Amino acid sequence: MIDELITEQNLNRAYLKVYRNKGMGGIDGIQTDELKSHLQAYGQFYIQQIERGSYRVSPILGLEIFKSKGKTRRLGIPTVVDSVFQQALHQVLQPVFESDFHQHSYGFRQGGNAHQALGQSLSNINSGFQDIVDIDLQSFFDEVEHYILLELIYKKVKCPIILKLLRSFLKAPIQINGKLNKRRKGLPQGSPLSPLLSNILLNELDKELEKRGHRFVRYADDFSIYVKSKSAAKRVLESIHQFLQRQLKLPINKDKSGIRRPSTFKVLGHGFTPTYKKGEISTSG
């Protein structure tokens with residue numbers, strides 16, 4: 001797999017993706033408009049390091065961005081060089097795992113989008129599954145345990161150099177207000193790899209829900225489960241809470257999690273309203 005990672009075609013695709021995203025630079029100050037000349041000068045040196053397993057990942061830059069209601073979210077910004085190699089790694093790992101991902105997981109996948117998640121949710125509701133288990137994962141990207149994720153990846157990826165590189169990206173320290181901090185868990189939001197890695201981990205949740213025969217919709221770390229009675233919803237909420245805690249080591253936000261009806265439920269910010277036709281009642285998004 002390491003040979004696939006460092007092909008000219010794969011690296012060029014990765015460079016173009018990072019360049020076109022026009023993201024900000026990391027701690028070394030190199031910006032995307034400087035990336036091409038930098039890689040022309042040092043690219044072969046980096047590739048040789050990757051082949052030998054000696055590539056040194058730079059610390060990530062920690063930034064706080066404002067959300068609604070005065071809250072903030074911390075982003076972790078890699079250097080643009082590391083972003084290229086993360087994107088290149090993403091491109092070789094994605095096909096390995098994509099075939100195992102569930103059809104009702106819509107986030108950060110080719111051909112998947114929020115509109116599809118909303119449509120599936122609406123279909124579940126209109127099919128009579130109107131008691132909805134709405135679980136909010138508490139600070140998901142900060143809580144991912146590296147060892148659980150790496151074990152899942154190792155089942156499919158046996159290349160030691162790839163695994164070492166991935167581990168280096170996962171454990172890169174974060175610079176906050178000029179001070180470096182170790183990272184023992186978590187996926188930095190702002191990293192090209194994080195969306196894929198989140199899907200690899202939460203695919204374990206998808207498989208558990210499918211095994212139990214539940215209808216569900218997941219978009220990244222936003223997911224909901226659809227059943228036909230409040231008593232069933234209570235049982236599912238408790239049992240899935242236990243699964244997340246025990247198997248994936250992911251806490252839930254109890255204040256934001258609960259059992260909803262369509263009129264009090266939102267998917268990715270979209271609510272549902274009842275529509276009335278003669279002889280029937282349905283719901284629209």
Side-chain angles (χ1 to χ4, degrees), residues 1 4-5 10 13-24 32 60 63 65 67 73-78 80 82-121 134-146 148-150 152-153 155-157 162 165-166 169-170 172 185-210 216-225 244 248 250 252 266-270:
M1 183 175 280
E4 187 180 351
L5 175 72
N10 189 52
R13 279 181 60 208
Y15 158 74
L16 287 172
K17 179 77 171 179
V18 172
Y19 177 76
R20 289 168 180 166
N21 281 347
K22 297 294 183 183
M24 68 175 295
T32 52
I60 58 179
L63 291 176
I65 62 169
K67 296 171 60 179
R73 172 182 294 169
R74 175 170 292 159
L75 298 183
I77 310 298
V80 289
D82 280 349
S83 289
V84 169
F85 290 114
Q86 282 200 37
Q87 180 62 36
L89 185 54
H90 181 289
Q91 290 165 186
V92 298
L93 290 178
Q94 179 85 32
V96 174
F97 291 93
E98 178 64 32
S99 61
D100 281 346
F101 289 163
H102 197 278
Q103 63 177 326
H104 294 153
S105 165
Y106 300 101
F108 305 124
R109 296 177 63 188
Q110 188 171 6
N113 56 54
H115 181 74
Q116 291 170 335
L118 181 63
Q120 184 58 47
S121 180
D134 184 19
I135 296 179
D136 183 85
L137 294 173
Q138 184 170 301
S139 303
F140 167 74
F141 283 92
D142 296 330
E143 294 292 339
V144 171
E145 290 285 358
H146 293 165
I148 296 177
L149 180 60
L150 288 168
L152 291 172
I153 294 171
K155 290 177 182 179
K156 285 183 168 288
V157 178
I162 289 287
L165 181 62
L166 177 58
F169 284 132
L170 283 174
K185 62 180 180 178
L187 303 175
Q189 292 181 270
S191 150
L193 270 173
S194 292
L196 172 61
L197 298 181
S198 67
N199 272 337
I200 291 172
L201 180 63
L202 290 175
N203 190 51
E204 297 303 296
L205 170 65
D206 298 346
K207 290 192 292 187
E208 181 67 16
L209 293 171
E210 183 177 47
F216 70 94
V217 171
R218 185 171 68 79
Y219 189 97
D221 59 319
D222 289 311
F223 73 99
S224 46
I225 309 163
L244 289 166
L248 301 183
L250 294 173
I252 73 169
K266 287 188 176 182
V267 173
L268 303 174
H270 295 273

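All values reported here derive from a predicted model rather than from experimental measurement.
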- Ile162 and Ile153: side chain to side chain contact (heavy atoms under 4.5 Å, CB included), yes or no, with the steps? CA-CA 10 Å; Ile162 289 287; Ile153 294 171; over 6 Å; no

When rounded to the nearest 0.5 angstrom, what is the spacing between [atom1] in [X] and [atom2] in [Y]?
{"X": "Phe97", "Y": "Arg109", "atom1": "CZ", "atom2": "CZ", "value": "13.5 Å"}
{"X": "Ile225", "Y": "Leu209", "atom1": "CD1", "atom2": "CG", "value": "4.5 Å"}
{"X": "Leu201", "Y": "Ile148", "atom1": "CG", "atom2": "CD1", "value": "7.0 Å"}
{"X": "Phe108", "Y": "Leu196", "atom1": "CZ", "atom2": "CG", "value": "11.0 Å"}
{"X": "Glu208", "Y": "Leu248", "atom1": "CD", "atom2": "CG", "value": "9.0 Å"}

- Item | Partner residues of His146 under the ring-ring contact (aromatic ring centres under 6.0 Å, His included) criterion, sequence neighbours left out |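 With sequence neighbours excluded, His146 shows a ring-ring contact (aromatic ring centres under 6.0 Å, His included) to no residue whatsoever.
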
- Message: With side chain to side chain contact (heavy atoms under 4.5 Å, CB included) as the criterion, how do Leu205 and Phe216 come out once you've worked through the C-alpha distance, each side chain's angles and the decisive distance to 0.1 Å?
- Response: CA-CA 11 Å; Leu205 170 65; Phe216 70 94; over 6 Å; no

Closest heavy-atom pair and its distance - [X], [Y]:
{"X": "Ile60", "Y": "Pro188", "result": "CD1-CB, 3.5 Å"}
{"X": "Thr32", "Y": "Val18", "result": "CG2-O, 3.9 Å"}
{"X": "Ile200", "Y": "Leu152", "result": "O-CD1, 4.0 Å"}
{"X": "Asp221", "Y": "Leu202", "result": "CA-CD1, 3.8 Å"}
{"X": "Ser191", "Y": "Pro78", "result": "CA-CG, 4.1 Å"}
{"X": "Tyr219", "Y": "Ala114", "result": "CE1-N, 3.4 Å"}

State, with a plain yes or no, whether a side-chain heavy atom of [X] is found less than 4.5 Å away from one of [Y].
{"X": "Phe169", "Y": "Leu197", "answer": "no"}
{"X": "Tyr106", "Y": "Gln120", "answer": "yes"}
{"X": "Phe223", "Y": "Ile135", "answer": "yes"}
{"X": "Leu187", "Y": "Leu170", "answer": "yes"}
{"X": "Phe101", "Y": "Asp206", "answer": "no"}
{"X": "Leu118", "Y": "Leu268", "answer": "no"}

- Query: Is any side-chain N of the basic residue among Glu210 and Lys207 closer than 4.0 Å to the acidic one's carboxylate O?
  - Reply: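 Salt bridge flag = no for Lys207 with Glu210.
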
Checking [X] side chain against [Y] main chain: does a donor-acceptor pair fall under 3.5 Å?
{"X": "Asn113", "Y": "Gln116", "value": "yes"}
{"X": "Arg20", "Y": "Lys22", "value": "no"}
{"X": "Glu4", "Y": "Asn10", "value": "no"}
{"X": "Asn21", "Y": "Gly23", "value": "no"}
{"X": "Asn199", "Y": "Gly107", "value": "yes"}
{"X": "Ser194", "Y": "Gln189", "value": "no"}

- Query: Any luck finding a side-chain donor-acceptor pair between Gln87 and Gln91 under 3.5 Å?
  - Reply: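 Per modelled atom types, Gln87 and Gln91 side chains form a pair under 3.5 Å.
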
- Message: Which label fits His102 and His104: parallel for a plane angle under 30°, tilted from 30 to 60°, or perpendicular past 60°?
- Response: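 Tilted, since the angle between the ring planes falls between 30° and 60°.
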
- Query: Cationic tip of Lys17 within the cone over Tyr19's six-membered ring, i.e. under 6.0 Å and within 45° of the normal?
  - Reply: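 Not satisfied by the 6.0 Å and 45° rule.
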
- Message: Using the rule given for side chain to side chain contact (heavy atoms under 4.5 Å, CB included), can you reason through Leu166 versus Val157, listing the C-alpha separation, both sets of side-chain angles and the distance that settles it, and then say yes or no?
- Response: CA-CA 11 Å; Leu166 177 58; Val157 178; over 6 Å; no

- Where do Leu137 and Ile252 land on the side chain to side chain contact (heavy atoms under 4.5 Å, CB included) test, with the steps shown first? CA-CA 4 Å; Leu137 294 173; Ile252 73 169; 4.2 Å; yes

